[in-house]
Visitor: 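Right, I'll just put the structure down here and ask away after.
Just so you know, these numbers use all the heavy atoms, side chains as well, and skip hydrogens, waters and symmetry mates. From a predicted model like this one, the values you see are computed outputs, not experimental measurements.
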Amino acid sequence: GNMFLVKPERRRLLQVGATVAVIALGLASRAYPQYLPAALGKYPGDALWAMMIVFALGAIATRMRTWQLALWSLLICFGVEFSQLLQAPWLVALRAHPLGHLVLGSHFGWVDLIAYTAGVAVAALVDAAALFRRR
């Protein structure tokens, strides 16, 4: 086959591995906050959450360009954050559950958006450098 006709793609296994690693780091950052600078608060966890979205989406959309992946991930992160402004009873109940809280969060914060942007940027750099194979 002509190598120029083949679109570059991500190695799905690496994407899944990166996703799992970032989830583990994220959970660890919440479980052992004493190992992180106190000034950072929960923002390392937020940045890791955003990185997880990039890697998980990359595992699904193996041929999507890195910048598109970053854009979609940011939209997802921002969407979830802005959803915290909604206080529908079913949403409040969902956020009360530990897993629901991990995924959806509970309190809207502008600084969270900066943490997500930083996380997406780092993950996009990793994606471009290591995970997205150009033929």
Side-chain angles (χ1 to χ4, degrees):
N2 189 338
M3 62 183 244
F4 295 108
L5 294 177
V6 180
K7 278 189 169 179
E9 63 181 325
R10 289 175 185 80
R11 294 178 183 84
R12 187 165 273 139
L13 198 64
L14 281 181
Q15 293 288 138
V16 172
T19 305
V20 172
V22 168
I23 290 172
L25 280 172
L27 292 174
S29 80
R30 296 287 165 102
Y32 307 104
Q34 66 269 29
Y35 295 113
L36 291 167
L40 292 176
K42 68 182 187 70
Y43 299 116
D46 287 344
L48 286 164
W49 190 85
M51 290 177 73
M52 175 201 73
I53 298 290
V54 175
F55 295 141
L57 195 58
I60 299 162
T62 56
R63 293 177 186 273
M64 191 183 282
R65 298 271 174 252
T66 300
W67 69 268
Q68 293 171 312
L69 193 61
L71 193 65
W72 277 109
S73 300
L74 270 182
L75 285 172
I76 292 168
C77 292
F78 278 41
V80 168
E81 190 66 28
F82 280 105
S83 79
Q84 292 168 14
L85 295 170
L86 303 172
Q87 294 297 327
W90 66 273
L91 264 174
V92 173
L94 198 57
R95 291 184 194 120
H97 188 278
L99 190 62
H101 180 77
L102 269 175
V103 175
L104 299 173
S106 54
H107 299 292
F108 176 81
W110 289 106
V111 187
D112 292 357
L113 300 178
I114 297 169
Y116 296 144
T117 305
V120 166
V122 170
L125 288 171
V126 170
D127 182 78
L131 301 175
F132 193 63
R133 177 179 45 198
R134 285 167 184 78
R135 292 209 177 106

Visitor: So, using side chain to side chain contact (heavy atoms under 4.5 Å, CB included) as the criterion, who are the partners of Leu57 when residues are at least two apart?
Guide: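 Partners of Leu57 by the side chain to side chain contact (heavy atoms under 4.5 Å, CB included) criterion, ordered by chain and then number, come out as Leu69, Trp72, Ser73, Ile76.
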Visitor: Considering only residues two or more places apart or on different chains, which pairs with a residue in residues 69-80 satisfy salt bridge (charged side-chain N to carboxylate O under 4.0 Å, His left out)?
Guide: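 Qualifying pairs: none.
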Visitor: Provide the full list of salt bridge (charged side-chain N to carboxylate O under 4.0 Å, His left out) pairs with a residue in residues 97-115, sequence neighbours left out, each pair given once.
Guide: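 For residues 97-115, and leaving out neighbouring residues, the salt bridge (charged side-chain N to carboxylate O under 4.0 Å, His left out) pairs sorted by first residue read Lys42-Asp112.
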Visitor: Using the rule that two of Ile, Leu, Val, Met, Phe, Trp, Tyr join whenever any of their side-chain heavy atoms come within less than 4.5 Å, decide whether Ile60 and Val54 are in one cluster.
Guide: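 Different clusters.
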Visitor: Return the set of residues passing side chain to side chain contact (heavy atoms under 4.5 Å, CB included) with Ala70 (not counting sequence neighbours), or none when no residue passes.
Guide: Val120, Ala124
Visitor: From Thr66 OG1 over to Leu71 CG, what is the distance, rounded to the nearest 0.5 angstrom?
Guide: 12.5 Å
Visitor: Under the side-chain contact (heavy atoms from CB on, under 4.5 Å) criterion, do Phe55 and Val126 qualify, and how do the steps go?
Guide: CA-CA 9 Å; Phe55 295 141; Val126 170; 3.9 Å; yes
Visitor: Just do the side-chain contact (heavy atoms from CB on, under 4.5 Å) check on Trp49 and Val80 with the steps written out, would you?
Guide: CA-CA 11 Å; Trp49 190 85; Val80 168; 3.9 Å; yes
Visitor: Taking the side chain as every heavy atom from C-beta outward, state whether Asp127 and Gln15 have any pair of such atoms under 4.5 Å apart.
Guide: yes
Visitor: Tell me every residue that passes ring pair (Phe, Tyr, Trp, His ring centres under 6.0 Å) with Phe78, counting only those two or more places apart in sequence or in another chain.
Guide: none
Visitor: With sequence neighbours excluded, tell me which residues meet side chain to side chain contact (heavy atoms under 4.5 Å, CB included) with Leu85.
Guide: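 Only Phe82, Phe108 meet the side chain to side chain contact (heavy atoms under 4.5 Å, CB included) criterion with Leu85.
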Visitor: If I compare all heavy atoms of Cys77 with all of Ile53, which pair ends up nearest, and what's the gap?
Guide: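 Closest approach of Cys77 to Ile53, heavy atoms only: SG-CG1, 4.2 Å.
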Visitor: May I ask you to decide if Gly109's main-chain N or O and Glu81's side chain share a donor-acceptor pair within less than 3.5 Å?
Guide: yes
Visitor: Which residues pass the ring pair (Phe, Tyr, Trp, His ring centres under 6.0 Å) test with Trp90, not counting sequence neighbours?
Guide: none
Visitor: Using atom types as modelled and distance alone, determine if a side-chain donor or acceptor of Gln84 lies under 3.5 Å from a backbone N or O of Leu104.
Guide: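 Side chain of Gln84 to backbone of Leu104: a pair is present.
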Visitor: When Ile, Leu, Val, Met, Phe, Trp and Tyr are grouped by side-chain heavy atoms lying under 4.5 Å apart, directly or through other members, which residues fall in the same group as Ile114?
Guide: none
Visitor: Would you say Met51 and Leu48 make side-chain contact, with heavy atoms under 4.5 Å?
Guide: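 Yes, at least one pair of side-chain atoms sits under 4.5 Å.
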Visitor: Could you pull out every donor-acceptor pair under 3.5 Å between side chains of residues 93-100 and any protein atom, sequence neighbours left out?
Guide:
{"residue": "Arg95", "atom": "NH1", "partner": "Leu86", "partner atom": "O", "Å": "3.2"}
{"residue": "Arg95", "atom": "NH2", "partner": "Ser83", "partner atom": "O", "Å": "2.7"}
{"residue": "Arg95", "atom": "NH2", "partner": "Leu86", "partner atom": "O", "Å": "3.2"}
{"residue": "His97", "atom": "ND1", "partner": "Leu99", "partner atom": "N", "Å": "3.0"}

Visitor: Test question: given the 4.5 Å side-chain rule for I, L, V, M, F, W and Y, name all other residues clustered with Val111, or answer none.
Guide: Tyr43
Visitor: List the residues meeting side chain to side chain contact (heavy atoms under 4.5 Å, CB included) with Val16, not counting sequence neighbours, and say none if there are none.
Guide: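 Scan of Val16 (side chain to side chain contact (heavy atoms under 4.5 Å, CB included), adjacent residues dropped) gives Arg12, Val20, Ala59.
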